[in-house]
Structure formats: structure tokens, C-alpha cells
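The structure appears right after this line, and notes come after that.
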2 protein chains.
Amino acid sequence: MPAPRAHDTGGTAPEGYDKYAFEPFAVTADLAVLTIRDGALHVLLVERGQQPYAGRWALPGGFVLPDESAEAAARRELAEETGLADVSGLHLEQLRTYSEPGRDPRMRVVSVAFTALLPNPPEPRGGGDAAQARWVPYGETGPLAFDHDRILADAHDRVGAQLEYTCLATAFCPAEFTLGELRQVYETVWGTAPDRPNFRRKVLATPGFVEPVPGAARLTRGRGKPAALYRAGPATALHPPLLRPAPEGRPS
Amino acid sequence: MPAPRAHDTGGTAPEGYDKYAFEPFAVTADLAVLTIRDGALHVLLVERGQQPYAGRWALPGGFVLPDESAEAAARRELAEETGLADVSGLHLEQLRTYSEPGRDPRMRVVSVAFTALLPNPPEPRGGGDAAQARWVPYGETGPLAFDHDRILADAHDRVGAQLEYTCLATAFCPAEFTLGELRQVYETVWGTAPDRPNFRRKVLATPGFVEPVPGAARLTRGRGKPAALYRAGPATALHPPLLRPAPEGRPS
DNA sequence: ACAAAAGTGTTTTTCTTACACCCATGT
DNA sequence: ACATGGGTGTAAGAAAAACACTTTTGT
């Protein structure tokens with residue numbers, strides 16, 4: 001097997017060179033699909049039916065097909081695993097790529113990981129194959145297959161950080177939501193809740209974060225005063241950021 | 001060519017299956033190497049000697065070898081392109097992965113892109129092969145090969161954003177530096193300079209950002225009062241962040 | 001003497017934080 | 001009546017922004 005040459009410097013095989021000349025890489029898209037159920041953060045997991053890691057739970061994912069991007073593969077997998085008809089509006093974002101040589105014992109697999117945020121968690125229907133799938137509370141995911149524990153932890157870190165300086169929180173909410181529900185997103189992901197009156201002011205003072213639903217539409221959740229409804233606005237960045245109460249160890 | 005099956009659900013070929021059964025992917029590591037020369041942001045580019053994009057400039061990079069991670073490949077390429085003996089302490093960070101099917105006309109290439117920050121720009125020595133390499137001022141890079149314009153723009157965005165909420169700026173500075181030099185990093189990357197007295201206070205008030213060099217070591221750069229020297233501290237995060245003066249369009 | 005850069009001080013304004021308090025609804 | 005969550009007000013404190021001023025060097 002010849003050593004591959006850098007694609008920008010090689011001078012031996014100008015155009016029609018042998019694609020199969022060197023050790024092949026497989027590229028997969030893996031998903032950390034997060035949602036909030038009953039006020040707790042949940043992750044979508046699938047049970048592996050074969051070796052390696054048979055019987056262990058893993059993040060959903062699959063091979064990137066020859067004619068699709070990793071993003072397209074991730075969105076396709078997301079649709080298959082969740083059974084949602086319209087997956088086009090959902091928040092899907094590239095997390096990072098995991099490429100350690102030994103991460104899959106079968107062959108060289110490079111995984112492009114994504115985070116997906118769902119508003120109303122549907123019952124998972126177990127993918128195209130017969131694999132079992134379910135929502136698992138974050139933190140109660142036993143040891144996962146491959147390096148998926150690490151990927152999941154990275155996804156959680158990222159989402160938590162993004163809540164601080166982006167308008168990402170609305171991705172966890174349905175089309176129309178109350179500010180209380182929005183605040184619960186922060187509380188659920190961070191573990192600590194921002195002060196309610198101050199949160200309200202901050203959100204409303206950020207242009208484009210949320211837009212009021214004009215009709216006197218209101219809604220109650222359990223009991224209490226009916227809350228005004230809002231829709232996600234066009235803004236994506238949060239300037240200045242909404243910092244989480246620093247649990248002492250943060251600056252470092 | 002059989003359609004590949006998801007690695008978590010496939011049930012046909014348990015372990016020793018044919019690695020060469022489907023369309024192979026190549027995986028490369030591409031680098032956006034940034035540095036500051038004469039007060040201006042520069043990028044390391046290499047000139048392509050062959051098709052496609054022969055004669056065009058491109059980001060340095062190369063194939064990930066079968067037994068190394070993308071990070072290792074990036075660090076190896078960085079050493080080769082810059083000619084630096086010790087590349088171990090340099091800041092290298094994964095940016096994102098580019099996987100659009102048509103990005104390389106020759107075959108399916110998935111690129112894991114990295115940003116690297118250099119303090120003292122060495123004269124590039126043109127890689128292992130005879131490719132020409134040079135520092136190009138950011139903004140004066142004509143159209144690059146492949147999708148490298150996009151990668152470079154993404155890298156610049158990322159670095160600019162990271163200056164706000166991390167201690168990344170020290171990665172552009174040599175081991176010992178003055179606060180004026182550190183401030184120039186912000187000015188160079190952002191295009192706008194933070195207020196000098198306020199910048200000073202902010203940096204010094206953040207524990208672990210910089211540490212004074214205890215000896216009365218001082219140094220002048222051009223003329224003016226000699227400045228105290230500092231070393232990069234152990235902190236990586238910046239809480240609260242150092243926000244850049246918002247050029248109106250930012251919140252959105 | 002002057003320019004240029006470092007370093008200190010001060011004031012103004014803004015934002016955050018922490019509460020206290022009232023409102024509307026279900027039980 | 002009371003619990004529960006929504007919504008408003010406000011005062012103390014912290015931080016950021018703006019700017020004046022002194023210091024120390026090279027030319």
C-alpha cells in the first residue's frame with residue numbers, strides 16, 4: 001500500500017488515480033439528540049444488536065453515503081430514528097469530528113458528530129432496522145458504546161455554553177411558548193435557574209430573541225396566571241451574553 | 001457497490017467484513033495557520049503544483065494516515081509546512097469538518113479543518129514537497145482552491161469570537177510579551193481596538209490570564225515607556241467575556 | 001522639546017443582582 | 001382561602017465605557 005500523498009503537493013497521479021490504493025476510511029455521522037421531557041434533559045439512544053458492543057446503548061448514527069454530506073446524513077438519520085415527518089426545521093449543528101484510530105475495532109471510522117435539539121420529543125420508533133431506541137435521562141446513560149460517552153459529554157458542554165451567548169434555547173421549545181417554558185430550558189440544561197424577573201427582562205430586551213404572539217392568545221400550564229405566548233425571533237446571537245451563575249470553578 | 005449499512009444496526013457482516021466493499025472516502029486535515037506580522041493578520045498558504053486548481057493558492061494540509069488521528073495529522077503537517085522544530089506547544093484546535101460531495105473533483109474527500117495560531121512567524125520552507133509556501137495578509141488571499149475561502153473565513157470568525165470569551169490571545173504572542181502586544185492581537189483580529197486602560201484592567205483582573213514576569217525585566221518596542229512583561233497564565237476561559245465593540249449588525 | 005507608548009485615576013453610565021410585591025387562575 | 005406561576009417595580013452593587021492625566025523612554 002503506497003503512502004498517500006498530500007492532495008496539494010503530490011505530483012504522481014494527476015487526475016484519474018486509483019481511489020482504492022490506500023487503506024479506506026469510513027465516515028459516519030453520529031447524533032446527540034437532546035430534548036426536554038418532564039423537566040429533565042433526555043438523550044436519544046439506540047441499543048446495539050451486534051458486535052462490537054452488542055447490547056450496549058449508543059448514539060444514533062450511520063454511514064455517510066457516497067453522494068451526501070455529513071450534514072445530510074445526520075438529518076436523514078435523525079428522521080429515521082425519530083420518525084418525524086418534517087425534520088427540516090429542527091436545529092442541527094456540527095459538534096466536532098472524532099478520528100482516533102482505535103475508536104472502532106472493525107476498521108478506521110471517522111465520525112462527524114452533531115447535536116440536534118428537539119422541542120416535542122416523539123416516541124422513537126427504532127430506526128430503519130429493528131434496533132431498539134428510547135429516550136434516556138441525561139446522566140443515567142450507562143457506559144455507551146465506542147467513545148460515545150465523550151461525544152455526549154461534549155455535546156452537553158457545547159449546548160450549555162451556547163445558551164449563554166446564543167438564542168439557541170428556543171430550539172428546545174415548540175413553535176409558541178411561554179417565557180416560563182423558555183426559562184425552564186436554561187434551568188434544565190444548566191442545573192441552575194436564572195432569576196425569573198431578570199430573565200424576563202433580559203430576553204425581552206434582546207431584539208429578535210422572541211416575538212410576542214399578537215393575538216391575545218394565552219395559555220396556562222397547570223395552574224397559575226396564564227402566560228403570554230412568544231415565538232422564536234430571527235436573532236441567533238445574544239449580545240451581551242446571559243451568563244450562568246458561575247459555580248466557582250469556571251474561570252480557568 | 002452495496003449500500004453501506006449503519007454501523008450500529010447492520011446485521012450482515014459481524015466482524016471481518018470487506019472494508020473495500022463501498023466507495024472509499026479520503027480524509028484530510030487542512031490548516032488555517034494564522035499569525036501576526038507587522039501588525040497585520042497573515043495566513044500560511046501553499047501554491048498548488050498540479051490539477052485541479054494548479055497554480056492556485058490553498059490552505060496547507062494533507063491526508064490523514066491510517067494510524068494517526070486528524071489532530072496528529074494536522075500537527076504533522078504544521079511541522080512540515082512551517083519547518084518549526086517544536087510544534088508541540090502551539091495552539092491547534094479543530095474548527096469543523098467539510099464534507100460536501102463535490103468539494104474535490106477527484107474523489108470523495110472529507111476535510112477536518114483546524115486553526116493554528118503562531119506567535120513568531122517563521123519563514124515557511126515549503127513543505128516536504130517542492131510546493132511554494134508563503135504568508136499572505138488576511139484579506140488579500142485571492143480565490144483559494146477548493147472551498148478553502150470558506151474554511152479560512154470560518155477560521156477567522158471563530159478566532160475573533162474566541163478572543164471574546166477565552167484567553168486565546170496569548171497564543172499569538174511569544175513566551176513573554178507586553179500588554180500592548182496582547183492588545184494589538186485584539187486590534188489586529190477584530191479590526192477595532194479595545195480601550196487601552198480598560199483593556200489593561202480587564203486582563204489583570206482576570207485571574208490566570210497573564211502572570212507578571214517577576215524580575216524587573218522590561219522591554220521597549222520602538223520608543224515609549226518600557227512595558228512590564230507578562231507570561232501566559234493557566235486560565236483558558238474568560239469570565240466575564242471581553243466583548244468587542246458591537247459594529248451594529250452583531251445582534252442577529 | 002516633542003512624540004510615542006505605558007501606566008494610573010476618575011467619573012458616568014449601564015447592566016446585573018436581589019428582592020418585594022401584585023395579578024390571575026385552579027383546587 | 002391558598003397555592004402556583006406570571007408579571008412589575010425598585011434599589012444596591014458591579015462592571016463597562018469614556019476620558020483626563022502622569023510617567024518614561026527615543027529622537
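Values reported hereafter were calculated over all heavy atoms of this structure, with side chains retained and with hydrogens, waters and symmetry mates removed. Note on naming: letters A, B, ... go to the chains in the order of the sequence lines (proteins, then strands), and numbering restarts at 1 for each one.
- If you take NZ of B:Lys225 and P of D:dT25, they are 8 Å apart, rounded to a whole angstrom.
- Relative to the six-membered ring of B:Tyr98, B:Arg96 meets both conditions, a distance below 6.0 Å and an angle of at most 45° to the axis.
- A straight line from CZ of A:Phe177 to C1' of D:dG5 spans 18 Å, rounded to a whole angstrom.
- If you measure from atom CZ of A:Arg223 to atom P of C:dG26, you get 11 Å, rounded to the nearest angstrom.
- Between the side chain of B:Glu164 and the backbone N or O of B:Arg244 there is at least one donor-acceptor pair closer than 3.5 Å.
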> Where along nucleotides 12-20 of chain D does protein come under 4.0 Å, by heavy atom, of base (B) or sugar-phosphate alone (S), with - for untouched nucleotides?
Replying inline: ----SBBBB
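- If you take OH of B:Tyr230 and C1' of C:dA6, they are 10 Å apart, rounded to a whole angstrom.
- Nearest approach of B:Phe209 to B:Leu238, heavy atoms of both residues: CD1-CD1, 3.9 Å.
- The distance between atom CG of B:Leu229 and atom C1' of C:dA6, rounded to the nearest whole Å, is 12 Å.
- For the pair B:Leu204 CG and C:dG9 P, the interatomic distance rounds to 13 Å; values are reported in whole Å.
- Atom C1' of nucleotide D:dG6 and atom CD of A:Gln184 are separated by 14 Å, given to the nearest angstrom.
- Taking only side-chain nitrogens and oxygens, B:Arg200 comes nearer than 4.0 Å to OP1 or OP2 of C:dG7.
- If you take CD of B:Glu187 and C1' of C:dA5, they are 13 Å apart, rounded to a whole angstrom.
- Judged purely by atom type and a 3.5 angstrom limit, A:Arg75 uses its side chain to pair as donor or acceptor with the backbone of A:Val87.
- B:Thr97 pairs by the side chain to side chain donor-acceptor pair (under 3.5 Å) definition with A:Thr97, not counting sequence neighbours.
- Judged by distance alone, the side chain of A:Asp147 and the main-chain N or O of A:Arg150 form no donor-acceptor pair under 3.5 Å.
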